[in-house]
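All of these numbers come straight from a predicted model, not from anything done at the bench.
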Amino acid sequence: MKPAPFTRHVPRTLDEALKILSEVAPQDGRVLAGGQSLVPIMAFRLARPAHLVDINEIAGLDTIASDDKTLAIGARVRHAAFHKSVVENPLGRLLTHVARHIAHYPIRVRGTFCGSLAHADPASEWCLVAATLDATIVAKSMRGERLIAANDFFAGIMSTALAEDELLVEVRLPLLAPDARFGFNEFNRRAGDFAMSAALVTYGLHGGRIADARVGVGGAEPCPRRIAEAEAALNGKAPGDAVFRAAAEAAARAIDPLEDHQTNADYRRDLVRAVVRRALENSAA
């Protein structure tokens, strides 16, 4: 199928993009960066934007920068940028590990980190990373700049807190402690398919016991989120099989699972139980 007719705008500066977006947003104007999510749904006419604001010619949106606390990822940074570590911190290794689970290589070459967050698919690996690590999303419009905590950003399935005239220009991830451990696991029917459930965990070890545990789950609910019950089951405990299983069980009990014609609630809980346990096992390997 072919998309419905639309007008493509190609601004050369961020200010020009924001001005155009403010004008076309009421007509269902959309931002085009990688297009790996937007273009297919337009081809199926599930989306029919009258205008596309193509940001690929805007300089400065394709940068990755870090200071001693934060990694900042620009709006045009492709998934493939994370095939190698982008920062000398455990966060760099985490992003490289997760990136290789995203779809297939051609999609990673074109799709963008920030675009993935703006699209807000519950199964998105980057959305899970943002939610687990408490990212800050930077949105700009003609009205100014707004900083949005990841916990407030995801509003539902493919729904976010972005206003229609706002452009997601940057995502800021906090660096991990130098000795932080992490683990990631996802389940999909075939390699490259959308994850039916995924888990990301990070923590430190203080005196041989888990501290500052973060357990995030994606693909199982309308939005990715941290699971406080699983984190409580880990903190203060020595890592090991029994503790990991208890945390996985806590996560499975805590979710309000999505259901469809192939996957009922019990099955989704089983998947969460499995991916959380495996992510924790990976973190201790």
Asks: So with a 6.0 Å cut-off around CD of Glu88, is the heavy-atom count from everything else above 12?
Replies: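 No.
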Asks: For residues 217-233, dump all side-chain donor-acceptor pairs below 3.5 Å to protein atoms at least two apart in sequence or in another chain.
Replies:
residue, atom, partner, partner atom, Å
Glu221, OE1, Arg225, NE, 2.7
Glu221, OE2, Arg225, NH2, 3.3
Glu221, OE2, Asp256, N, 2.7
Arg225, NH2, Ala254, O, 3.1
Arg226, NE, Glu231, OE2, 2.8
Arg226, NH1, Asp134, OD2, 2.8
Arg226, NH2, Glu231, OE1, 3.1
Arg226, NH2, Glu231, OE2, 3.3
Glu231, OE2, Val215, N, 3.0

Asks: With a 4.0 Å cut-off on N to O distance, would you call Lys19 and Asp15 a salt bridge?
Replies: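 Asp15 and Lys19: not salt-bridged.
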Asks: Test side chain to side chain contact (heavy atoms under 4.5 Å, CB included) on Val39 and Leu32; report intermediate values, then the result.
Replies: CA-CA 9 Å; Val39 170; Leu32 176 67; 4.3 Å; yes
Asks: May I ask you to decide if Leu128's main-chain N or O and Thr132's side chain share a donor-acceptor pair within less than 3.5 Å?
Replies: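 It does hold such a pair.
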Asks: Are Leu175 and Val98 linked, directly or through other ILVMFWY residues, by side chains that come within less than 4.5 angstrom of each other?
Replies: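 As far as the 4.5 Å side-chain criterion goes, Val98 and Leu175 are connected within one cluster.
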Asks: In the single-linkage hydrophobic clustering (I, L, V, M, F, W, Y; side-chain heavy atoms under 4.5 Å), do Trp126 and Leu200 co-cluster?
Replies: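 Shared cluster, yes.
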Asks: Is Arg209 reaching over with its side chain to a backbone N or O of Asn235, donor-acceptor style, under 3.5 angstrom?
Replies: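 Absent.
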Asks: How would you list, by chain and number, every residue that makes a side-chain contact (heavy atoms from CB on, under 4.5 Å) with Asp260, sequence neighbours excluded?
Replies: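 Asp260 satisfies side-chain contact (heavy atoms from CB on, under 4.5 Å) with Gln262, Thr263, Arg268 only.
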Asks: Please tell me if the side chains of Arg30 and Leu52 come closer than 4.5 Å, counting only heavy atoms from C-beta onward.
Replies: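 Touching, per the 4.5 Å side-chain cut-off.
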Asks: Calculate, to the nearest 0.5 Å, the distance between atoms CD and CZ belonging to Glu166 and Arg143 respectively.
Replies: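 Spacing of CD (Glu166) from CZ (Arg143) equals 5.5 Å.
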Asks: So, do His119 and Ser116 sit near enough that their side-chain heavy atoms are less than 4.5 Å apart?
Replies: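 Not touching, per the 4.5 Å side-chain cut-off.
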Asks: Are any side-chain N or O atoms of Arg108 and backbone N or O atoms of Ile102, one a donor and one an acceptor, separated by less than 3.5 Å?
Replies: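 Side chain of Arg108 to backbone of Ile102, a donor-acceptor pair under 3.5 Å: yes, one is there.
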Asks: Using 0.5 Å steps for rounding, measure from the CZ atom of Arg273 to the CG atom of Leu271.
Replies: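 That separation rounds to 10.0 Å.
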Asks: Please identify each residue that fulfils side-chain hydrogen bond (donor to acceptor under 3.5 Å, both in side chains) with Glu125, with sequence neighbours left out.
Replies: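 So Glu125 forms no side-chain hydrogen bond (donor to acceptor under 3.5 Å, both in side chains) with any residue.
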Asks: I want to check something: taking the side chain as every heavy atom from C-beta on, are Ser37 and Met158 in contact at a cut-off of under 4.5 Å?
Replies: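 Not in contact.
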Asks: Other than Met142, what residues sit in its cluster of Ile, Leu, Val, Met, Phe, Trp and Tyr side chains whose heavy atoms are under 4.5 Å apart, directly or through others?
Replies: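 Met142 clusters with Leu14, Leu18, Ile20, Leu21, Val24, Val31, Val53, Ile55, Ile58, Leu61, Val138, Leu147, Leu167, Val169.
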Asks: How long is the span from the CD atom in Glu164 to the OG atom in Ser141, to the nearest 0.5 Å?
Replies: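 So the gap between those two atoms works out to 11.0 Å.
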Asks: Nearest 0.5 Å, what's the CG-CZ distance between Leu94 and Phe82?
Replies: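 Between Leu94 CG and Phe82 CZ, I get 11.0 Å after rounding to 0.5 Å.
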Asks: Test: ring pair (Phe, Tyr, Trp, His ring centres under 6.0 Å). Region: residues 193-244. Which pairs qualify, not counting sequence neighbours?
Replies: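 Found none.
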Asks: Give me each pair satisfying ring pair (Phe, Tyr, Trp, His ring centres under 6.0 Å) with a member in residues 134-189, each pair once, sequence neighbours excluded.
Replies: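 Matches after skipping sequence neighbours: His101-Phe184.
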Asks: Transitively linked via ILVMFWY side-chain contacts under 4.5 Å: Leu117 with Val129?
Replies: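 Per the 4.5 Å side-chain linkage, Leu117 and Val129 are co-clustered.
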Asks: Give a yes or no on whether Ile41 and Phe6 share a hydrophobic cluster (residues Ile, Leu, Val, Met, Phe, Trp, Tyr; joining criterion: side-chain heavy atoms under 4.5 Å apart).
Replies: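 Same hydrophobic cluster.
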Asks: How would you list all residue pairs meeting ring pair (Phe, Tyr, Trp, His ring centres under 6.0 Å) that involve residues 40-62, not counting sequence neighbours?
Replies: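 Residue pairs passing ring pair (Phe, Tyr, Trp, His ring centres under 6.0 Å), neighbours aside: His9-His51.
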Asks: Determine yes or no for a side-chain-to-main-chain donor-acceptor pair under 3.5 angstrom, with Asn151 supplying the side chain and Ala131 the backbone.
Replies: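 No, because the side chain of Asn151 does not come within donor-acceptor range (under 3.5 Å) of the backbone of Ala131.
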Asks: Just so I know, are the side chains of Leu133 and Leu176 near enough to count as touching, which here means a heavy-atom distance under 4.5 Å?
Replies: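 When only atoms from C-beta onward are counted, Leu176 and Leu133 do touch, with a gap below 4.5 Å.
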Asks: Of the non-hydrogen atoms in Pro26 and Glu23, which two are nearest, and what is the gap between them?
Replies: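 The pair with the smallest heavy-atom distance is CD-O, 3.5 Å.
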Asks: So if you build clusters from Ile, Leu, Val, Met, Phe, Trp, Tyr with side-chain heavy-atom gaps below 4.5 Å, do Leu280 and Val272 land together?
Replies: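 Yes, one cluster joins them.
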Asks: What pair of heavy atoms forms the shortest contact from Leu71 to Ser66, and how long is it?
Replies: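 So the two residues come closest at CD1-CB, 3.9 Å.
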Asks: Could you state the interatomic distance from CZ (Arg100) to NE2 (His83), rounded to the nearest 0.5 Å?
Replies: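 With rounding to 0.5 Å, CZ (Arg100) is 5.0 Å from NE2 (His83).
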Asks: Are any side-chain N or O atoms of Thr96 and backbone N or O atoms of Gly92, one a donor and one an acceptor, separated by less than 3.5 Å?
Replies: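 Yes; at least one donor-acceptor contact below 3.5 Å.
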Asks: Under a 4.5 Å cut-off applied to non-hydrogen side-chain atoms, are Thr160 and Ile148 in contact?
Replies: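 The answer is no; the side chains never approach within 4.5 Å.
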Asks: What pairs with Arg48 under side-chain hydrogen bond (donor to acceptor under 3.5 Å, both in side chains), at least two apart in sequence or on another chain?
Replies: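 Partners of Arg48 by the side-chain hydrogen bond (donor to acceptor under 3.5 Å, both in side chains) criterion come out as none, since no residue qualifies.
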Asks: Work out which heavy atom in Pro174 is nearest to a heavy atom in Leu91; give both atom names and the distance.
Replies: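 Closest pair (atom of Pro174, atom of Leu91, distance): O-CD2, 3.8 Å.
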Asks: What salt bridge (charged side-chain N to carboxylate O under 4.0 Å, His left out) pairs are there with at least one residue in residues 274-285, not counting sequence neighbours?
Replies: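 Sorted pair list: Arg277-Glu281.
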Asks: Indicate the atoms forming the closest heavy-atom contact of Pro49 with Asp28, along with that distance.
Replies: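 Residues Pro49 and Asp28, closest heavy atoms: CB-O, 3.1 Å.
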Asks: Verify, without hydrogens or angle tests, whether Asp67 (side chain) and Thr70 (backbone) share a donor-acceptor contact under 3.5 angstrom.
Replies: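 Checked: pair present.
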Asks: For residues Glu186 and Asn188, report the shortest heavy-atom separation together with the two atoms involved.
Replies: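 Shortest heavy-atom separation between Glu186 and Asn188 comes out as OE2-ND2, 3.1 Å.
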Asks: According to side-chain contact (heavy atoms from CB on, under 4.5 Å), who are the partners of Asn264, at least two apart in sequence or on a separate chain?
Replies: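 By the side-chain contact (heavy atoms from CB on, under 4.5 Å) rule, Asn264 matches Glu259, Asp266, Tyr267.
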Asks: Between Asp62 (side chain only) and Arg76 (backbone N and O only), is there a donor and an acceptor less than 3.5 Å apart?
Replies: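 No, Asp62 side chain to Arg76 backbone: no donor-acceptor pair under 3.5 Å.
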Asks: Partners of Asn56 by side-chain hydrogen bond (donor to acceptor under 3.5 Å, both in side chains), sequence neighbours excluded?
Replies: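 Testing Asn56 for side-chain hydrogen bond (donor to acceptor under 3.5 Å, both in side chains), a comparison that skips the adjacent residues, returns Asp54, Arg78.
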Asks: Just wondering, do Val77 and Val86 contact through their side chains at under 4.5 Å, heavy atoms?
Replies: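 No, their side chains stay 4.5 Å or more apart.
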Asks: Is there a side-chain contact between Thr112 and Ile73 (heavy atoms, below 4.5 Å)?
Replies: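 No, their side chains stay 4.5 Å or more apart.
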Asks: Roughly how far apart are Asp152 CG and Thr136 OG1, rounded to 0.5 Å?
Replies: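 The OG1 atom of Thr136 is 10.0 Å from CG of Asp152, to the nearest 0.5 Å.
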Asks: List in chain and number order the residues that pass side-chain contact (heavy atoms from CB on, under 4.5 Å) with Ala103, two or more places apart in sequence or in another chain; answer none if no residue qualifies.
Replies: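 Partners of Ala103 under the side-chain contact (heavy atoms from CB on, under 4.5 Å) test: Ile107.
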Asks: Of all the heavy-atom pairs spanning Asp121 and Cys127, show the shortest one and how long it is.
Replies: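 Of all heavy-atom pairs spanning Asp121 and Cys127, the closest is O-SG, 4.1 Å.
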